[in-house]
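Report on the structure given below.
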Amino acid sequence: MIDRRTFGKVLGVTAASLAGLGNPGEPATFGTLKQVRAGLLDIGYAEVGPAHGSVVICLHGWPYDIHSFAEVAPLLAARGHRVIVPYLRGHGTTHFLSSRTARNAQQSAIALDIVALMDALRIEKAVLAGFDWGSRTADIIAALWPQRCRALVSVSGYLVTNLEANLEPLSPRAEYAWWYQYYFATERGRKAMRDRTKRRELTRLVWETVSPTWKFDNATFERTAAAFDNPDYAAIVIHNYRWRLSLADGERRYDALERRLAARPVIKVPTVTLDADRDPFTAPGDGSSYRDMFTGPYDHRTLRGIGHNVPQEAPAAFAQAVVDVTRL
């Protein structure tokens, strides 16, 4: 299994120095970020590891940012991977190229952002690894463009949104965990996301409730919350959750892709799925509810005592899954 201390001994360098981190005890962070024009966006991203290494693209979720992978990235770089960690649209230093572009966060639009990033960086194929929005995005690319996906690591398994299915109620306990999704369906929720103070209070509460065993400090939260000050952040978040509930329209340009996704395409690339047993969104059954959606080489792992933000709560386990998936 991967161990950061072992990496340091073998390579003569600590994981902290690989990521451009600060002093020991400070929250892990990245060094200077890069920017590239890709599709509709100017995408900000962190890059760690050798320029000619096999590529791993790590995709964050909500309400998180690239720093969910600040400890994962150096672990993978130490194994020779080139690790790319982009801010999703509406987050951090990622900005729309045009003020006229719809602030749309439907699933296919976000997936196309990452395909465009790969094109801009001349990356033909990569391991895609993500959680939350990042899992959904990676799943979609693996399903629709398998030639671009060497392998997949997906927290919570198959997360492709089915709008028709989303109209049906879940159990009350499951619905309870989605309180903020319903809040965002209201004008009050939209206003809260546009207010910097309320936005921080809300997102921090989400961190605390979906990761009940993770003892993060103020500096760790504030480092990520800075990414929420993007001027398009509120619009992107609100549209994403309203679109999932069919309360906001997508764009016609993505209709063909959404029809393909509604058909629930299987994923054939090598895959490791991860479930966190303290995540309120983890379905019962140890991955059985989505097992039939992965038809290629496959492994499933349940992480005990871990909540929703898997790469930040269990970086060694997440990095190990990335290493292992290429060997399936």
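Below, all heavy atoms of this structure are taken into account, side chains as well, without hydrogens, waters or symmetry copies.
- Salt bridge R200/E222: present, at least one basic N to carboxylate O contact under 4.0 Å.
- When all heavy atoms of S246 and L163 are compared, the pair lying nearest together is OG-CB, 4.0 Å.
- The side-chain contact (heavy atoms from CB on, under 4.5 Å) test applied to D249 returns no partner, not counting sequence neighbours.
- Applying the ring-ring contact (aromatic ring centres under 6.0 Å, His included) test to residues at least two apart or on different chains, none of the pairs has a partner in residues 142-162.
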List the atom pairs, donor and acceptor, that lie under 3.5 Å between side-chain atoms in residues 94-102 and the rest of the protein, sequence neighbours left out.
unit_1: T94; atom_1: OG1; unit_2: G44; atom_2: N; d: 3.0
unit_1: T94; atom_1: OG1; unit_2: Y87; atom_2: O; d: 2.8
unit_1: S98; atom_1: OG; unit_2: R100; atom_2: N; d: 3.0

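- With sequence neighbours excluded, no residue forms a salt bridge (Lys or Arg N to Asp or Glu O under 4.0 Å) with E258.
- A salt bridge links R89 with D113; the closest basic N to acidic carboxylate O contact falls under 4.0 Å.
- A donor-acceptor pair is defined here as one N or O able to donate and one able to accept, closer than 3.5 Å; no such pair exists between the side chain of R196 and the backbone of R199.
- Remark: D119 engages R148 in a salt bridge (Lys or Arg N to Asp or Glu O under 4.0 Å) (not counting sequence neighbours).
- Here the side chain of T213 pairs a donor or acceptor atom with the backbone of G305 at under 3.5 angstrom.
- Residues satisfying the salt bridge (Lys or Arg N to Asp or Glu O under 4.0 Å) test with R122, not counting sequence neighbours, are none.
- Shown here for D299 and L328, the closest heavy-atom pair between the two residues is N-CD1, 4.1 Å.
- With Q312 contributing its side chain and F69 its backbone, the two residues share no donor-acceptor pair below 3.5 Å.
- The hydrophobic cluster analysis finds L159 isolated: no Ile, Leu, Val, Met, Phe, Trp or Tyr side chain comes under 4.5 Å of it, directly or through other members.
- Judged purely by atom type and a 3.5 angstrom limit, Q107 uses its side chain to pair as donor or acceptor with the backbone of T161.
- Qualifying salt bridge (Lys or Arg N to Asp or Glu O under 4.0 Å) partners for R242, counting only residues two or more places apart in sequence or in other chains: none.
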When the side chains of residues 260-271 are checked against the rest of the protein, which donor-acceptor pairs come out under 3.5 Å, sequence neighbours left out?
unit_1: T271; atom_1: OG1; unit_2: V269; atom_2: O; d: 2.9

With a cut-off of 3.5 Å and sequence neighbours excluded, list every side-chain donor-acceptor pair involving residues 51-66.
unit_1: S54; atom_1: OG; unit_2: H81; atom_2: ND1; d: 2.8
unit_1: H60; atom_1: NE2; unit_2: L88; atom_2: N; d: 3.1
unit_1: W62; atom_1: NE1; unit_2: Y233; atom_2: OH; d: 2.7
unit_1: D65; atom_1: OD1; unit_2: H67; atom_2: N; d: 3.0
unit_1: D65; atom_1: OD1; unit_2: H67; atom_2: ND1; d: 3.4
unit_1: D65; atom_1: OD1; unit_2: T224; atom_2: OG1; d: 2.8
unit_1: D65; atom_1: OD2; unit_2: H67; atom_2: ND1; d: 2.9

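- In terms of heavy-atom proximity, A116 sits nearest to G39 at CB-N, 3.7 Å.
- Under the 30°/60° scheme for interplanar angles, the aromatic rings of Y241 and W133 are found to be tilted.
- Here the shortest heavy-atom pairing between V272 and A321 reads CG1-CB, 3.9 Å.
- Residue L76 forms a side chain to side chain contact (heavy atoms under 4.5 Å, CB included) with just one option from V323, V48, V127, and that option is V323.
- Salt-bridge check for K198 with E201: failed, with every basic side-chain N at 4.0 Å or more from each acidic carboxylate O.
- Taking F216 as the reference, W207, W214 meet the ring-ring contact (aromatic ring centres under 6.0 Å, His included) condition, with sequence neighbours excluded.
- Using a 4.0 Å cut-off between a side-chain N of Lys or Arg and a carboxylate O of Asp or Glu, R136 and D139 do not qualify as a salt bridge.
- Judged by distance alone, the side chain of Q320 and the main-chain N or O of A316 form no donor-acceptor pair under 3.5 Å.
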Listed pairs under 3.5 Å, donor-acceptor, residues 170-181 side chains, sequence neighbours left out:
unit_1: S171; atom_1: OG; unit_2: A174; atom_2: N; d: 3.2
unit_1: E175; atom_1: OE1; unit_2: Y182; atom_2: OH; d: 2.1
unit_1: E175; atom_1: OE2; unit_2: L170; atom_2: N; d: 2.7

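- Side-chain N or O atoms of N166 include one that pairs as donor or acceptor with a backbone N or O of R244 at under 3.5 Å.
- Contact between S211 and H308 at its shortest, heavy atoms only, is OG-N, 3.4 Å.
- Annotation for E187: atom CD counts as buried by contact number, over 12 foreign heavy atoms lying within 6.0 Å.
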